There are 4 protein chains.
Amino acid sequence: MTTQAENTVGFIGLGQMGLGMATRLLESGQSLVVYNRTQDKARPLADAGARIANHPADTATKGGIVISMLADDAAVEGLFDDQLLARLGPGGLHLSMSTLGPATATRLAERHKAHGVDYVACPVFGRPDAARAGKLWLCLSGPASARTRLETLLAAMGQGVYEFGDDPAAANVTKLAGNFLIASAIEAMSEAYSLAEKHGVDADAVHQLLTQTLFACPIYQNYGKAIVEQRFTPPGFTLRLGAKDMRLVQDAARAAEMPMPLASLLGDRFLRMLAGGQGDIDWTGIAADQRQAAGLISQ
Amino acid sequence: MTTQAENTVGFIGLGQMGLGMATRLLESGQSLVVYNRTQDKARPLADAGARIANHPADTATKGGIVISMLADDAAVEGLFDDQLLARLGPGGLHLSMSTLGPATATRLAERHKAHGVDYVACPVFGRPDAARAGKLWLCLSGPASARTRLETLLAAMGQGVYEFGDDPAAANVTKLAGNFLIASAIEAMSEAYSLAEKHGVDADAVHQLLTQTLFACPIYQNYGKAIVEQRFTPPGFTLRLGAKDMRLVQDAARAAEMPMPLASLLGDRFLRMLAGGQGDIDWTGIAADQRQAAGLISQ
Amino acid sequence: MTTQAENTVGFIGLGQMGLGMATRLLESGQSLVVYNRTQDKARPLADAGARIANHPADTATKGGIVISMLADDAAVEGLFDDQLLARLGPGGLHLSMSTLGPATATRLAERHKAHGVDYVACPVFGRPDAARAGKLWLCLSGPASARTRLETLLAAMGQGVYEFGDDPAAANVTKLAGNFLIASAIEAMSEAYSLAEKHGVDADAVHQLLTQTLFACPIYQNYGKAIVEQRFTPPGFTLRLGAKDMRLVQDAARAAEMPMPLASLLGDRFLRMLAGGQGDIDWTGIAADQRQAAGLISQ
Amino acid sequence: MTTQAENTVGFIGLGQMGLGMATRLLESGQSLVVYNRTQDKARPLADAGARIANHPADTATKGGIVISMLADDAAVEGLFDDQLLARLGPGGLHLSMSTLGPATATRLAERHKAHGVDYVACPVFGRPDAARAGKLWLCLSGPASARTRLETLLAAMGQGVYEFGDDPAAANVTKLAGNFLIASAIEAMSEAYSLAEKHGVDADAVHQLLTQTLFACPIYQNYGKAIVEQRFTPPGFTLRLGAKDMRLVQDAARAAEMPMPLASLLGDRFLRMLAGGQGDIDWTGIAADQRQAAGLISQ
């Protein structure tokens, strides 16, 4: 049916996050045509009713919507090329949900505009289980009319939408600010708990006190627990991705010509972990480097 | 009445915090004899029924309890001299509620022991209004029997007590860990919000998103709001005291022979503020240095 | 004469450095065809016998040599486009003397190779007066046969050539390492001399001692003197260029997946200066930020 | 003979440095009475004509001179107690050649003054071989008349004397500034050479270039060579002593209420080495931590 085809939305990128989000959309009644570089990952979605595209551009229909959830800036810039954008064409909309640098968002928005396509940024907060449950927090920015058009889709994926105006870069700056705050909290707990440990104080007791009182919020409670228990696998969010985001934060600071000393410290901490071959553990794993620095783990 | 005198507790140090705590104790029915270097500050307590001591040692009775809430390690070490400790004597107890370094606590505990006096550390989390309302969070460590003896007093001052065993240094390490986490959060928000501002993104909107979701806890909500509004006076906790605590954290790290790079970064940030004559504003004021660094305030 | 034309070398980029180098080449008997974006700067060279090109590609002759001395990576990548490289063609040689990132050098070498052109990196150490006097220190890397071909030209420009093998990226890594060492020395002296000053010790006397003994070398002697005298204009090398080089160092560290904490510290120091509108003073001017941080200059 | 006794100078502290300095003084014809906590170390000096004291105070004669070269502030403050100072008495002079904090120097000067003893600070630059050869560089400050009295002794020990006025703290600030500059150079080379190595560039070739040109001075040449060759034992100056000096630098910055971010970075680097049990290797050994951070040594 034409109507069916018109309503079908494209979805590109079926990693841990994308798979959860696409599944959730299907459950909400949304018809999808999905693409992933390694097609295996798309199979569970086919079983759930999605159509599989053999090529990224095949997810696009004239004037339709394509959602992307990809690993990094290069992947998005590579896939959303002139061919795909020409297929979307005037009236088309790209809902870009990856964590990207603001400069990339600006570049992409311009390229989309040349094809008459709206570029809307909507990076998300939440881990894969939240994606699967439709409980993500969504940071939205882009042309106002395009944002309105997305209401139903966003409602299926998130438990709340925060809007940051017309500039697609804005939502990405916000997302990076958030990830920077999380990494900072991990660093701070890593240092504080290793201090306690070295002074013979029970780090878990310190953690209990702080996260039942001043820091009674999910980031400190969940990440802090992983740090206390030294449980860095399986990763919820890998150190390699964390390193990539710190790089994006540092690049955003450079572009704005301003220092961010804590971001620099985190950047170096992550680079030391990557150099040591630890890119695949969870990003709370920077606590292991701090414990080694403190002499709590032998070198 | 002898009983009355025996039950009277000494209280030394009537700054913003001490005054609130002593007032709260009086309200709970506890009789107090109070001392402050500048006697003016004791007057409101006299009106509320406290006896004023002219000398610190006059707050002590044989085998009694003295509570202290003083500005720094030197003040506690200076006031709790042999004269005062001899007056307290065997069976006496010093409830030391200031934020001190663990090495100071260990030194004090030894000096007290020589006089048969129990030294109990109980630094607190909370601002002056929480002290006045008996809603502090208390970190307790010291000899077990002494801790038991303090239950009623602590219940009057705090909304919760977290215990850290027999070593008085332990509660101080915990308190320093907590203050370090707070300062780290202030630094992280200072950098993140200035990044948003430089990219033309509304820092308050970023703050709303983050503190309604991942960071929905008092430290981020309250301190973050002060940062967004650039409201650093009147101080709830001065930059000078914050600098002192960062120094204690750095000293504790040195004593344990371990690096704490974020503590070092914070130590330098606070020193820059002190050098610039900003010691008397609130410690969230490090955000002003970050805004200046970012070129958002002219030098 | 054909011979004349064949021997003529192209020279692109007549900033402070390039102008001195080109003048020196003319003095040595080398015929030149020069290009600069703003032609005014080329006039003194015309008077000295150089031919002025109206377009960058006009500096190239089939199988000839073009030297470039430009402000940054983007300028070199922009000017050495397919048009210019096609003009140089097989047997041509580009002697690239700007300070570039190693990744840029690798990219440029590949692009040149596609046109049969040799790409030789030869960044230099020395200020404009050394360039004018032919007293630069030269870091050379690139194809061995191409290096041999350059001996006469290099001898005219430098007082010494250090060779780093066939990989054009190598000379650039070396140059960045050197600039990083210089910036580190500036930072160290800035901190040390402000410490002396704050303790009431004559910073110039400290400088004399150190640079007549342990640090009796040009960098400490000359830059240290500028720091002591707080003389940051006119710039020998601007803060903006220093910031660019720190960025290249940090990017090289990232690319190699390794931390460089001192480079990060310097990067932030330079960014603070740029944010404060100080990009056009000499890069020793980071000492002014340190003096302000120490409260020696009012904010 | 009385004259002999009057001319005899006390010397306390016979570590690697002190032993060389005392030997040199004996060679110059100076009679000495020496003390070291472990008497074994004094034996070679006895063979060379020195008298051995069984107690520190026995090195002092009324109105005489005692030289000290000890490990740290606590050692000097512990040995120069009221007993020793009373023995020296009015007209006595203490030539204090250890690297101490300026606050310690000020405290010591006051204590000496109460006994009528002049306190002169004269920390030194140079390794044990320079001490043995009388080729140290000397930083001198203290009362002018006392400095004059020391000319012959200083000429025997040093190849040059730099004077910093009447305040004994001044020479110590200068010495700390110098050690901070050395540690900064070690850090900078550690990072730069590991960057070269990771990019496949010969670090020794980079070292040759830089130390034959811009950095042609002993610190870069000698320490850089040790870094390139990864030769950190036997130590010329241990990491533990380097860590102590960085602590003194940081304390001096704190006392002056000013940030020194590079000193903080170095402090943390040294602490990581101490935590890893590396306190006894040479302080150039921080290069090993940087190589590990870069993934050039397996963790």
Side-chain angles (χ1 to χ4, degrees), chain C residues 102 125 137 139 160 162-165 167 169-170 173-174 176-178 180-182 184-185 187-189 191-196 198-202 205-206 208-220 249 252-253 255-263 265 269 290 293-296, chain D residues 102 125 137 139 160 162-165 167 169-170 173-174 176-178 180-182 184-185 187-189 191-196 198-202 205-206 208-220 249 252-253 255-263 265 269 290 293-296:
Chain C
F125 287 106
W137 296 107
C139 305
Y162 288 81
E163 305 210 13
F164 292 87
D167 179 1
V173 169
T174 303
L176 292 180
F180 166 67
L181 250 58
I182 298 172
S184 298
E187 172 71 26
M189 286 188 283
E191 295 191 17
Y193 296 173
S194 66
L195 180 70
K198 271 228 125 175
H199 278 272
V201 180
D202 180 9
V206 175
Q208 296 298 332
L209 158 60
L210 293 169
T211 57
Q212 287 170 13
T213 60
L214 311 168
F215 293 96
C217 56
I219 292 297
Y220 283 82
V249 170
E257 279 199 346
M258 57 172 277
M260 286 184 72
L262 178 45
L265 186 159
R269 178 79 86 175
Q290 173 60 20
L296 290 161
Chain D
F125 287 106
W137 296 106
C139 305
Y162 288 81
E163 306 210 13
F164 292 88
D167 178 3
V173 168
T174 303
L176 292 179
F180 165 67
L181 250 59
I182 298 172
S184 298
E187 173 71 28
M189 286 187 283
E191 295 190 17
Y193 296 173
S194 65
L195 180 71
K198 272 226 122 174
H199 278 271
V201 179
D202 180 7
V206 175
Q208 296 296 333
L209 158 59
L210 292 169
T211 57
Q212 287 170 14
T213 60
L214 311 168
F215 294 96
C217 57
I219 292 297
Y220 283 82
V249 170
E257 280 197 345
M258 57 172 276
M260 286 184 71
L262 178 44
L265 186 160
R269 179 78 87 173
Q290 173 59 20
L296 290 161

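Naming convention: chains lettered A, B, ... in sequence-line order (proteins, then strands); numbering from 1 in each chain. Predicted model, so just to flag it, every value in this text is computed and none were measured.
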**Asked** Is there side-chain contact between C:Phe125 and D:Leu214, with heavy atoms separated by less than 4.5 Å?
**Response** yes
**Prompt:** Measuring heavy-atom distances to chain D, does C:Leu210 have an atom under 4.5 Å in its side chain, in its backbone, in both, or in neither?
**Reply:** side chain
**Fill in**
Okay, C:Thr211 and chain D: the region with an atom under 4.5 Å from a heavy atom over there is neither
**Item:** Best-contacting candidate, C:Leu209, C:Leu265, C:Ile219, C:Val249, against chain D by heavy atom pairs under 4.5 angstrom
**Value:** C:Leu209
**Asked** Of the listed residues (C:Asp202, C:Val201, C:Asp167), which shares the most heavy-atom pairs with chain D below a 4.5 Å separation?
**Response** C:Val201
**Item:** D:Glu187 side chain to C:Leu262 backbone, donor-acceptor under 3.5 Å
**Value:** no
**Request:** Measure the shortest side-chain to side-chain distance between D:Ser184 and C:Glu191 over non-hydrogen atoms and say whether it is less than 4.5 angstrom.
**Result:** no
**Request:** For residues C:Val206 and D:Tyr162, determine if any side-chain heavy atom of one lies less than 4.5 Å from a side-chain heavy atom of the other.
**Result:** no
**Request:** Mind telling me whether C:Tyr220 and D:Tyr220 have parallel, tilted or perpendicular rings, with 30° and 60° as the class edges?
**Result:** tilted
**Asked** For C:Pro261, is it the side chain, the backbone, both, or neither that has a heavy atom closer than 4.5 Å to a heavy atom of chain D?
**Response** both
**Request:** Go through D:Gly178, D:Ala177, D:Ala188 and name the one with the most non-hydrogen pairs under 4.5 angstrom from chain C.
**Result:** D:Ala188
**Request:** With a 4.5 angstrom heavy-atom cut-off, could you sort out which part of D:Phe215 is near chain C: side chain, backbone, both or neither?
**Result:** both
**Request:** Indicate yes or no: at least one non-hydrogen side-chain atom of D:Gln290 is less than 4.5 angstrom from one of C:Met258.
**Result:** yes
**Request:** Supply the atom-to-atom distance D:His199 NE2 to C:Thr174 OG1, rounded to the nearest 0.5 angstrom.
**Result:** 10.5 Å
**Asked** Is it the backbone or the side chain of D:Leu176 that comes under 4.5 Å from a heavy atom of chain C, or both, or neither?
**Response** neither
**Complete:** Counting heavy-atom pairs under 4.5 Å with chain D, the top scorer among C:Gly165, C:Cys139, C:Ser194 is C:Ser194
**Item:** Heavy-atom pair with the smallest gap, counting every atom of D:Pro259 and C:Ala293
**Value:** CD-O, 3.3 Å
**Prompt:** Which one of C:Gln208, C:Gln212, C:Glu257 has the most heavy-atom pairs closer than 4.5 Å to chain D?
**Reply:** C:Gln212
